[in-house]
Amino acid sequence: MTRSSVTFMEFKSSTVLSIRMTVTGDTLLKDSYGRTIRDLRVSLTDRCNFRCFYCLPHGEPPIAPKEQMLTYEEIERACEIFVSLGIEKIRLTGGEPMLRRDIETIIEKLAKLKGSGLLDLALTTNGYFLPERAQSLKDAGLDRVTISLDSLKRDVFKRMTGVDVLDKVLAGINAAKKAGLEPIKINAVIVRGHNEDEVADFAAFAREHGVKMRYIEFMPLDSGHDWSRTDVVSGKEIRERIGQRFPLTKIDIARGSDTSSRYRFADGAPGEIGIIAPVTEAFCGACSRIRLTADGQIRTCLFSTVEHSLRDVIRSGVSRDEVVDYIRSVVMKKEPRHFINDPGFVTPSRTMSFIGG
Ligand code: SAM
């Protein structure tokens, strides 16, 4: 095949293929259950400017001192090593990651890893800063954003998030669209007695704006430890509520390690539905995720009760090979599944805002 007959997409995928071929077999990060780790979530900060009642009902617990937080250079170094071990997706999160000063700087550094096998660089945000900053994130090399939006009603949004800024978040979604940070995903945590009556309205929003709406079951990761099973609106109920207004068709692709089961609108309308049901329909068997907290702890599961200090290893001045060995040994300890539904379940001491959702 002459170069001129190769389309850009063919060229791009063959480049990716050749990069991936260098990260195969022994090089890949595998856990003791044979799962390959492809997806890294990096928390940039524990701080948040929202007070979502399902996450930080009593405000922020004491924040780690600055010297315990990973610097941008340390994050870059860790991510470079993770990508050399086969990580294909990096999602920046928090806390509210956009509270970290000059987030564009770290995005720019991480975007360079796309030449080494990184395929996808994403950000999860509450959307508050997007009206002014969406374009600079895109210019720095960010591929796409996921934006949290728990209600389309001003009073409910305020009650759920603790802040009266629905308009700003909606403007943030528009700014992200304009900047091309697509496909845009919208996250809504559905909690009984708060927003389950809006489930179909969110689907209407997805259709109108051509975004991927993701409904998340309420998980026991709130700082108040107030979670109760009766507050959980199940994935099944969410599907039924949407289906009553907008018939859905399951997207017929292997789910793989995707957290959501995905649907399109049967009438062909734009937008997509994803249902993330870790409580009632656990999907741990194909989990490919690992997390790095803002203070440099590796967490092998959202619900881990132990953490592993990559920060201390990196700061001890050991060689790159030793850092790699440490990461491999931690990944081997990844839990087979979460234990939310077991009688002896212990809630992790850190909340979602500290773990990095
Ligand atoms: N500040 C950013 C945001 O608002 O998206 C990123 C961090 S936030 C912790 C990431 C995601 O975790 C959000 O979509 C949030 O709704 C979700 N989350 C937080 N606590 C949760 C819980 N107890 N159950 C389910 N999802 C939760």
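Remember, it's 1-based here, ligands and their atoms both numbered in the order they're listed. Residue numbers start at 1 and run along the sequence shown.
Considering backbone and side-chain N/O atoms, Asp222 never comes within less than 3.5 Å of an N/O atom of ligand 1. At under 3.5 Å, a nitrogen or oxygen of Met219, whether backbone or side chain, sits near a nitrogen or oxygen of ligand 1. Polar contact check, Tyr54 against ligand 1: a nitrogen or oxygen pair lies under 3.5 Å apart.
Summary of contacts: the protein heavy atom closest to atom 8 (S) of ligand 1 is Gly94 O, 4.4 Å. Among all protein heavy atoms, the one lying closest to atom 26 (N) of ligand 1 is Val189 CG2, 3.4 Å. Annotation: atom 7 (C) of ligand 1 to nearest protein heavy atom, Gly95 O, 3.2 Å.
The pair Asp143-Lys114 counts as a salt bridge, with a side-chain nitrogen and a carboxylate oxygen less than 4.0 angstrom apart. For Lys153 and Asp197, the salt-bridge test passes: some basic side-chain N is under 4.0 Å from an acidic carboxylate O. Between Arg337 and Asp342 there is a salt bridge, with a side-chain nitrogen of the basic residue lying less than 4.0 Å from a carboxylate oxygen of the acidic one.
For atom 20 (N) of ligand 1, the choice among Met160, Met352, Arg91 with the nearest heavy atom turns out to be Met352. Comparing heavy-atom distances from atom 13 (C) of ligand 1 across Pro278, Gly224, Ser148, Pro97 singles out Ser148 as nearest.
When heavy-atom distances to ligand 1 are checked against a 4.0 Å cut-off, Thr125 comes that close only through its backbone atoms N, CA, C and O.
Crowding of Tyr128 atom OH: a count of heavy atoms from other residues, nucleotides or ligands under 6.0 Å not exceeding 12.
Those atoms of ligand 1 with a heavy atom of Asn187 less than 4.0 angstrom away are 14 (O). Contact atoms of ligand 1 toward Thr93: 6 (C), 7 (C) (distance under 4.0 Å to a heavy atom of the residue). Within the listing of ligand 1, atoms 23 (N), 24 (N) sit less than 4.0 angstrom from a heavy atom of Phe218.
The backbone N or O of Arg311 sits nowhere less than 3.5 Å from a side-chain atom of Glu74 that would complete a donor-acceptor pair.
Counted by atom type alone, Ser319 and Glu322 present one or more donor-acceptor pairs between their side chains at under 3.5 Å. No hydrogens or angles considered: a donor-acceptor pair under 3.5 Å links the side chains of Glu96 and Asn126.
Taking a 4.0 Å cut-off on heavy atoms, Ala188 fails to register as neighbouring ligand 1.
Relative ring orientation between His194 and Phe53 is described as parallel, the plane-to-plane angle staying below 30° on a 0-90° scale split at 30° and 60°.
Taking the ring centre of Phe265 as origin, the terminal cationic atom of Arg207 falls inside the region bounded by 6.0 Å and 45° from the ring axis.
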